[in-house]
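Right, I'll just put the structure down here and ask away after.
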Amino acid sequence: MAEKKFSTTSGIEIKEVYTQPSAMDELPGEFPFTRGIQKDMYRGKAWTMRQYAGFSTAEESNKRYHYLLGQGTTGLSVAFDLPTQIGYDSDHELAEGEVGKVGVAIDSLKDIEILFDGIALKDITTSMTINATAPILLAMYIALAKKQGADLKQISGTVQNDILKEYAARGTYIYPPAPSMRLITDVFEYCSKEVPKWNTISISGYHIREAGSTAVQELAFTLANGKAYLKAALDKGLDINVFAKRLSFFFNCHNNFFEEIAKFRAARRMWAHITKQLGATDAGAQKLRFHTQTGGSTLTAQQPLNNIIRVSNQALAAVLGGTQSLHTNGYDEALSLPTEAAAKIALRTQQIIAFESGVTDTVDPLAGSYFIEALTDEIEAAAQLYIDKIDAMGGAVKAIEQDYIQQEIAASAYQYQNDIESGEKVLVGVNRFTQQEAAELNVFRVDDSIRKMQTEKLSTLKSSRDNQAVAISLQQLQEAAKGQENLMPFILTAVECYATLGEIADTLRHVFGEY
């Protein structure tokens, strides 16, 4: 009988025992940051507990934000509905059936004012999961900060602003790659001068993993996209020692505990070398800072309370891997948006790890493990093979245009599904340890009447704003888009006139076209 082989989700074979001592003598906070980007890590300050939330209207989401802040969350993270993500107002015919469903509906600055009512932007960091319309939503946030009297040099947060993974894995793009990259680098340039503490991109492996990639592919394709953004900014004449300090990453964390920890350690080391090779000499520009979300695609509708254990396992891996920020999923998210009860348990999971487990008392506590060190090296080597191949194609944009990344992800997703169906991959409650009785569970649903409410708000807004000022601002944006000027000041002006998200996106569609 052949000896059974064990491997990670990326196909890296796991030995029965590891005996070779590591030669690594790195210290945390020092190049290449394998062991963490801070010398004291969580001894100095815990990671930001940033719970992702947003649904229905701005009014309803505002209530959830106040609830989460009251429960001890230390950062906000905004989910936007699909029409907002792809640049359509709630009254657009293509928005029907989607308004407020997977996130909050935002049509104008008025909605942002309601979304953050009673929340001082100077006192909170906010992450916005938005890509194609990222410049518009960021402009709305900046406009509100100005209205609140906040110092723009001090407000901080993150806008995802990562369009390449949308072409490869997720699909909420609007414009062709070239103008999309222009908008991204416009945000880099604008924020470096006007909002210097803002993280101008969150280069996202999360959605690559959710689309079916392995851990190694998530790492490789994310860093390849990161290289493309670095090069685009350098081509624009920006200083890598300035703009690279405001780049952040967004990774997924799945169930293979040690593989995920090693992935995060390898990511820091690889990014440090990538930035150094492209000219970064400032340590701050070489550090990979990242947010983690537990794996949405790992949650099961069957026996949903089992997801609490899955999320705990993933959250602990993210912490041991050195994350700067963490979102833990609600146990009911395979069935619906998270209920308040599920969101509270998800947050408590983080708090128990932070304050009861003891894993935060020392930096990189798994360093020196023969297994962890070997796995970190192997994941790095496997990811580097992908990056070398993408570089040979001309970079991530070319690889996406040639469908290479998409095909690699699809092949991995297909293999994963086959492994589940064959029983090679065990999913507790799905293909093993199943039960017949259905669990009673309250689920959270968003009513379709939300679209009618948003449409009425839009109608009121358009009848009360200065429509001549809106028309002038949109015309100026259109002319600027035809040239080479940075578009952020023009978008901000339009937002402050209460031009809608759809009107601004359509103005750019008129110049750039759709992809």
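Note that the structure is predicted; figures quoted are calculated from it, not measured.
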Problem set entry | H291 ring center near F251 ring center (under 6.0 Å) | no
Exercise. Taking only residues two or more places apart in sequence or in another chain, which ones pass side-chain hydrogen bond (donor to acceptor under 3.5 Å, both in side chains) with T129?
Worked result: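 Once residues adjacent in sequence are excluded, T129 has no partner under the side-chain hydrogen bond (donor to acceptor under 3.5 Å, both in side chains) criterion.
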Problem set entry | Partners passing ring pair (Phe, Tyr, Trp, His ring centres under 6.0 Å) against Y515 (at least two apart in sequence or in another chain) |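 Y515: ring pair (Phe, Tyr, Trp, His ring centres under 6.0 Å) contacts with Y167, Y173.
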Exercise. Taking only residues two or more places apart in sequence or in another chain, which ones pass ring pair (Phe, Tyr, Trp, His ring centres under 6.0 Å) with F371?
Worked result: Y18, F258
Exercise. So with a 6.0 Å cut-off around NZ of K398, is the heavy-atom count from everything else above 12?
Worked result: no
Seminar exercise, completed: Applying salt bridge (charged side-chain N to carboxylate O under 4.0 Å, His left out) to D282 and not counting sequence neighbours gives K245
For this session: Write out all pairs satisfying salt bridge (Lys or Arg N to Asp or Glu O under 4.0 Å) with one or both partners inside residues 38-52, taking only residues at least two apart or from two chains.
Result: none
For this session: Hey, could you give me each pair passing salt bridge (Lys or Arg N to Asp or Glu O under 4.0 Å) that has a residue in residues 249-276? Not counting sequence neighbours.
Result: R209-E260, E218-K263, E260-K263, R265-D364, R265-E373, R269-D377, R269-E380
For this session: Could you pull out all residues at least two apart from Q324 that satisfy side-chain hydrogen bond (donor to acceptor under 3.5 Å, both in side chains)?
Result: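 Scan of Q324 (side-chain hydrogen bond (donor to acceptor under 3.5 Å, both in side chains), adjacent residues dropped) gives none.
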Problem set entry | salt bridge (charged side-chain N to carboxylate O under 4.0 Å, His left out) involving E401 - partner list, sequence neighbours excluded |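 Listed in chain order: nothing, the list is empty.
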Problem set entry | Where at least one partner belongs to residues 117-140, residue pairs that pass salt bridge (Lys or Arg N to Asp or Glu O under 4.0 Å), sequence neighbours excluded |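 As it turns out, there is no salt bridge (Lys or Arg N to Asp or Glu O under 4.0 Å) pair with a partner in residues 117-140 once direct neighbours are skipped.
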For this session: State which residues pass side-chain hydrogen bond (donor to acceptor under 3.5 Å, both in side chains) with D81; sequence neighbours excluded, sorted by chain then number.
Result: T84
Problem set entry | Results of side-chain hydrogen bond (donor to acceptor under 3.5 Å, both in side chains) for T126 - residues two or more places apart only | Y141
Problem set entry | Sequence neighbours excluded, every pair satisfying salt bridge (Lys or Arg N to Asp or Glu O under 4.0 Å) that has a member inside residues 158-170 | E166-R170
